[in-house]
Protein chains: 2
Amino acid sequence: MTVTIYDVAREAGVSMATVSRVVNNNPNVKPQTRKKVFEAIERLGYRPNAVARGLASKKTTTVGVVIPDISNQIFAEVARGIEDIANMYHYNIILCNADKRKEKEIRVINTLLEKQVDGLLFMGGTVTEEHVQAFRTASVPIVLCATTDEQATIPSVDINHEEAAYDAVHTLLESGHKQIAMISGTLQDQSNGYARYQGYKRALEEAGLALNEEYVRIGNYRYESGVDMMKYFLELPERPSAVFAATDEMAIGAIHAIQDAGLKVPEDVSVISVDNIRMASMVRPQLTTVAQPMYDIGAVSMRLLTKLMKKEPVEQNRVILPHEIIRRASVAQL
Amino acid sequence: MTVTIYDVAREAGVSMATVSRVVNNNPNVKPQTRKKVFEAIERLGYRPNAVARGLASKKTTTVGVVIPDISNQIFAEVARGIEDIANMYHYNIILCNADKRKEKEIRVINTLLEKQVDGLLFMGGTVTEEHVQAFRTASVPIVLCATTDEQATIPSVDINHEEAAYDAVHTLLESGHKQIAMISGTLQDQSNGYARYQGYKRALEEAGLALNEEYVRIGNYRYESGVDMMKYFLELPERPSAVFAATDEMAIGAIHAIQDAGLKVPEDVSVISVDNIRMASMVRPQLTTVAQPMYDIGAVSMRLLTKLMKKEPVEQNRVILPHEIIRRASVAQL
DNA sequence: CTGTTAGCGCGTTCAT
DNA sequence: ATGAACGCGCTAACAG
């Protein structure tokens, strides 16, 4: 039924070793023989069995990627970067969605390892002790992508979230704002939620401004929570003149909440955030935000992983990519 | 170095066959023996090798999914549906991005087949003769997801795009609009671009309205082209009173082009489209659109595939899911 | 340049 | 209920 390397060998009148050489581009084959083999392959419709190959060679030319949420623009963009570089180095990708649930993350890490991937890219999400534990049992390299572990023991590629947030708030400060609210992500989330909140805090402190608890709400990174939290701020006796959202999505929600209340952005309230997803320029007014280089994060982490897999020397196990403020139209000068 | 079923067998004082039985939940094992084996597995940190297992059993419990564009909200949503059902039936997913390029689509189909997936889900995109050819060489079931082939020979799950478009335009007609422009996708794209254009045409015809060539522009499904095409319409001597966009993204672009020109939606121009992506309710005014059940398309197609893989009987090889108009705020009554 | 041979780690008869 | 032995399709020495 299925045609094997053996059938091809018989059809071409050579040994299976020769067929294997041809298929694997081994130069040690006479051109004529090579041609015969190719013809036999064509005639029989032979398709190499990657599973058998993987077992024999102990390599699958496949890397596993765990993604927290496939429907999140940010991760999708990072994934593109990963993909492109993977392709370039002839690796295939197994993308596994983990729903942002730790239990499922651990599970997919293990199935990926069972499938004998040559390397693993763990994207986004918080890296707990349990994760580190699971990574430790792996015999292949792993790199964290768009996240880091607290002990900084695992190779990773990310931006400095604290600084990005600091820069965003600082931009507001520069424009004369003093009543700056924040729509944060969960403080449990080490690398994103917590770090961005810390950046907000530091910027205020350095400006000599007191932290007002009423001015900090915790959202869930999504649009709807941006709307809700902004509504809350709008009803405060002393309305903030600007708000910093931890993500673009929440910022866009905030913009709409402001508009729905009959106010204008940025005239009445300024909005800024971090991310620079495509949607940031698909709102009116267009969103001013601190861009994180999503594609590059993916690309660089995949590149790092290829080096690790090939046991090439790497200069840096832990790379921080630069962020950049994109000034659009959602922040007013006071 | 790597611990195999053999090591476990020795450690537990049984044969490898017994270990295999335990790992595969074969009931023919004395509870006590089972316990011993589990302990040995634990002690050694044994992790089954899915590659070896795949070779021996000729099953990988993995299905391949080719996705045209991972950063497209629609496909991401469909993928979630696929994922959930796959999980339910204990299949793993290999997600492969194909960049909407035919050549790459064919390539990933082949690598997926080489990897011995138990089934294949082909998502979105146009299905050409070449695709059908590649599918034919497969010895595993394949289902098309959010697309169909012209000859209707391959199992598929989709909506009726022609009717969805018809309903959208009909909604405009009902509201009294007579000058209805369309921002279409490429007419080369059988299942989406072309079909939706046909629906537009039929609705106009049935209403006794002439098709005005100036009122039809071809976009590329994305926001920017929605902006551009709308600008074109706005400069026409006789501005349309409503526009039907083939996708929500282009519709949102159109809304912003209208607003940027100092006009209002829907007072000056109404906008409607097909898709109902999350962003549709993340604009002002919120977008009226014909919803396609993206999650369900994914879920149903995966369910169909599981049946095919298990050789269970299926009632319908080709399922059309219902669409539904979501009335929000972008269409005015004239 | 080509063929022979021995596994890779595991599922699966077939005995016992 | 358990074990011995074979083979899945291929790569990788080793010979020649």
Side-chain angles (χ1 to χ4, degrees), chain A residues 1-38 40-41 44-62 90 110-111 113-118 139-140, chain B residues 1-38 40-41 44-62 90 110-111 113-118 139-140:
Chain A
M1 167 78 231
T2 69
V3 19
T4 76
I5 202 172
Y6 229 76
D7 304 320
V8 176
R10 195 173 341 98
E11 174 83 12
V14 300
S15 79
M16 55 173 297
T18 302
V19 178
S20 175
R21 288 193 187 95
V22 171
V23 171
N24 292 301
N25 268 319
N26 185 317
N28 291 347
V29 180
K30 210 196 303 176
Q32 220 195 60
T33 315
R34 182 183 303 276
K35 184 153 168 287
K36 270 198 310 188
V37 172
F38 271 132
I41 287 177
L44 265 39
Y46 167 70
R47 194 197 311 272
N49 182 327
V51 173
R53 176 182 294 184
L55 183 58
S57 70
K58 291 168 159 279
K59 281 190 208 99
T60 54
T61 59
T62 302
H90 299 104
N110 281 317
T111 42
L113 259 18
E114 285 182 9
K115 285 195 188 304
Q116 312 300 120
V117 293
D118 295 339
S139 52
V140 295
Chain B
M1 167 77 231
T2 69
V3 20
T4 76
I5 202 172
Y6 243 111
D7 304 320
V8 176
R10 192 172 345 97
E11 175 83 11
V14 299
S15 79
M16 56 167 296
T18 301
V19 178
S20 174
R21 289 192 187 95
V22 171
V23 171
N24 293 299
N25 269 319
N26 184 318
N28 290 348
V29 179
K30 212 196 298 174
Q32 218 195 61
T33 316
R34 183 182 302 276
K35 185 153 169 289
K36 272 197 309 190
V37 173
F38 272 130
I41 287 177
L44 266 40
Y46 167 70
R47 195 197 311 270
N49 181 327
V51 172
R53 178 181 293 186
L55 184 58
S57 69
K58 291 168 158 280
K59 282 193 207 94
T60 54
T61 59
T62 301
H90 299 103
N110 281 316
T111 43
L113 259 17
E114 285 182 9
K115 284 194 187 305
Q116 313 299 119
V117 293
D118 294 340
S139 53
V140 296

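These numbers come from a predicted model, not from an experiment. Letters A, B, ... are given to chains in the order of the sequence lines, protein chains preceding strands, and every chain is numbered from 1.
- The distance from atom NZ of Lys36(A) to atom OG1 of Thr18(A), rounded to the nearest 0.5 Å, is 9.0 Å.
- Looking at residues two or more places apart in sequence or on another chain, you find a side-chain contact (heavy atoms from CB on, under 4.5 Å) between Ala12(A) and Val14(A), Val37(A), Ala40(A).
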What's the verdict on side chain to side chain contact (heavy atoms under 4.5 Å, CB included) for Val3(B) and Glu11(B), showing C-alpha distance, side-chain angles and the deciding distance? CA-CA 11 Å; Val3(B) 20; Glu11(B) 175 83 11; over 6 Å; no
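- If you take NZ of Lys59(B) and P of dC10(C), they are 17 Å apart, rounded to a whole angstrom.
- Distances shown here put every side-chain N or O of Thr18(A) at or beyond 4.0 Å from the OP1 or OP2 atom of dT2(C).
- Proximity of residues 28-37 of chain A to DNA chain D (heavy atom under 4.0 angstrom from any strand atom) is not detected for any residue.
- Put simply, CG on Asn49(B) and NZ on Lys115(A) are 10.5 Å apart, with the number rounded to the nearest 0.5 Å.
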Per-nucleotide protein contact string for nucleotides 4-9 of chain D (B base, S sugar-phosphate only, - none; heavy atom under 4.0 Å): B--BBB
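- Partners of Lys58(A) according to the salt bridge (charged side-chain N to carboxylate O under 4.0 Å, His left out) rule, which considers only residues two or more places apart in sequence or in another chain, do not exist here.
- Here the C1' atom of nucleotide dC1(C) and the CG atom of Asn26(A) are 10 Å apart, to the nearest Å.
- Protein atom CG of Asn24(A) is 17 Å distant from nucleotide atom P of dC1(C), rounded to whole Å.
- The overall bend of the helix from dC1(C)-dG16(D) to dT16(C)-dA1(D), read as the angle between its terminal helix axes built from five base pairs each, is 30° when rounded to 10 degrees.
- Across the protein-nucleic acid pair, Asn25(A) atom CG and dT11(D) atom C1' stand 15 Å apart, rounded to whole Å.
- No donor-acceptor contact under 3.5 angstrom links the side chains of Arg21(B) and Asn28(B), judged on distance only.
- With sequence neighbours left out, Lys59(A) forms a side-chain contact (heavy atoms from CB on, under 4.5 Å) with Ser57(A), Asp118(A).
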